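Side-chain atoms are counted along with the backbone in the values below, which use heavy atoms only and exclude waters and symmetry mates. This is a predicted model, so every value here is computed, not measured.
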Amino acid sequence: MTKRSRTFLLYVRRAAMALVAALLLVAGFWSSWGTAQHVVLAKGRDHGTLTVTRCADDVCTGPYRPSAGSSAHPGMTIAESVAVRRGARIPVVVKPGTTQAVRSGAAGLLYAWLPLAGALLLAALVIGGGLRMPRTGWVAGLLGAAAMVAAFITL
């Protein structure tokens with residue numbers, strides 16, 4: 001194998017690893033944005049408080065009390081993973097056109113970005129090992145781990 005072909009293969013490998021890392025990060029962002037958009041772009045949406053009374057089949061329900069300027073919505077539901085416990089009063093944002101609520105505030109924001117945090121952890125392995133950029137890989141991995149820990153602490 002000549003020096004040129006080795007150099008070419010090195011560039012191809014690096015490009016493939018960079019593409020994999022970018023794909024992981026884009027997929028993590030895309031997965032997060034479905035929920036995060038309701039928390040990040042909450043202006044103009046209905047806000048309120050959901051009091052959890054019953055949980056079944058990974059969904060919790062309870063009475064919704066709208067904030068000033070928001071509309072009342074009967075039969076609101078929220079994912080059980082963010083509802084914590086029965087009797088809890090959770091600040092929420094209502095998804096437009098649905099009866100689904102998304103937890104708002106710092107806890108809701110961090111929880112919404114969990115898929116991106118996981119993607120950062122996976123991409124850190126590709127960046128550190130595949131691209132041979134260990135410092136950047138460590139930074140990406142630590143950012144992802146910190147976001148995960150912060151989300152679970154605030155919930």
Side-chain angles (χ1 to χ4, degrees), residues 15-131 133-155:
M17 290 295 116
L19 184 65
V20 169
L23 183 65
L24 284 168
L25 294 174
V26 168
F29 178 84
W30 190 259
S31 295
S32 295
W33 187 246
T35 302
Q37 68 178 323
H38 303 293
V39 180
V40 174
L41 305 174
K43 186 176 181 181
R45 299 186 185 195
D46 289 332
H47 296 264
T49 306
L50 181 72
T51 305
V52 178
T53 56
R54 186 172 66 85
C55 294
D57 298 327
D58 297 331
V59 175
C60 292
T61 59
Y64 169 74
R65 185 171 169 207
S67 299
S70 294
S71 305
H73 295 276
M76 293 300 299
T77 62
I78 191 167
E80 185 178 15
S81 59
V82 295
V84 183
R85 65 186 179 285
R86 205 176 302 164
R89 296 185 70 210
I90 302 169
V92 295
V93 175
V94 178
K95 287 184 178 182
T98 68
T99 59
Q100 296 177 349
V102 177
R103 190 170 184 154
S104 63
L109 184 67
L110 289 168
Y111 182 77
W113 290 110
L114 271 179
L116 180 60
L120 273 169
L121 282 173
L122 288 173
L125 297 172
V126 175
I127 293 167
L131 290 174
M133 300 171 65
R135 288 184 185 152
T136 307
W138 274 104
V139 169
L142 290 173
L143 283 173
M148 286 183 164
V149 169
F152 289 112
I153 288 173
T154 58
L155 284 177

Any residue meeting side-chain hydrogen bond (donor to acceptor under 3.5 Å, both in side chains) with Tyr64, in chain and number order, not counting sequence neighbours: none
For Ile78 against Ala101, the heavy-atom pair lying closest together: CG1-O, 3.6 Å
Min side-chain heavy-atom separation Phe152-Tyr111 under 4.5 Å: no
All side chain to side chain contact (heavy atoms under 4.5 Å, CB included) counterparts of Leu131, not counting sequence neighbours: Arg14, Met17, Ala18, Ile127, Met133
Distance in Å, Met76 CE paired with Lys95 NZ, rounded so as to fall on 0.5 Å steps: 10.0 Å
Minimum-distance pair of heavy atoms, taken over all atoms of Leu116 and Ser32: N-OG, 3.0 Å
Minimum side-chain heavy-atom gap Thr51-Arg65 below 4.5 Å: no
Smallest separation among heavy atoms of Ala112 and Thr35, with atom names: CB-CG2, 4.0 Å
Where Leu121 and Gly141 come nearest, the two heavy atoms and their spacing: CD2-O, 3.2 Å
Atom of Asp46, atom of Ser71 and distance for their closest heavy-atom approach: OD1-N, 3.3 Å
4.5 Å side-chain heavy-atom contact, Thr99 and His73: no
Minimal non-hydrogen separation, Ala107 against Leu155, with atom names: CB-CD2, 4.0 Å
Minimum side-chain heavy-atom gap Arg45-Pro96 below 4.5 Å: yes
Interatomic spacing from CG in Leu110 to OG1 in Thr154 - rounded to 0.5 Å: 4.5 Å
Flag side-chain contact, heavy atom, 4.5 Å: Leu120 against Trp113: no
List the atom pairs, donor and acceptor, that lie under 3.5 Å between side-chain atoms in residues 142-150 and the rest of the protein, sequence neighbours left out.
none

Side chain to side chain contact (heavy atoms under 4.5 Å, CB included), paired with Leu24, selected from Val126, Leu19, Leu125: Val126
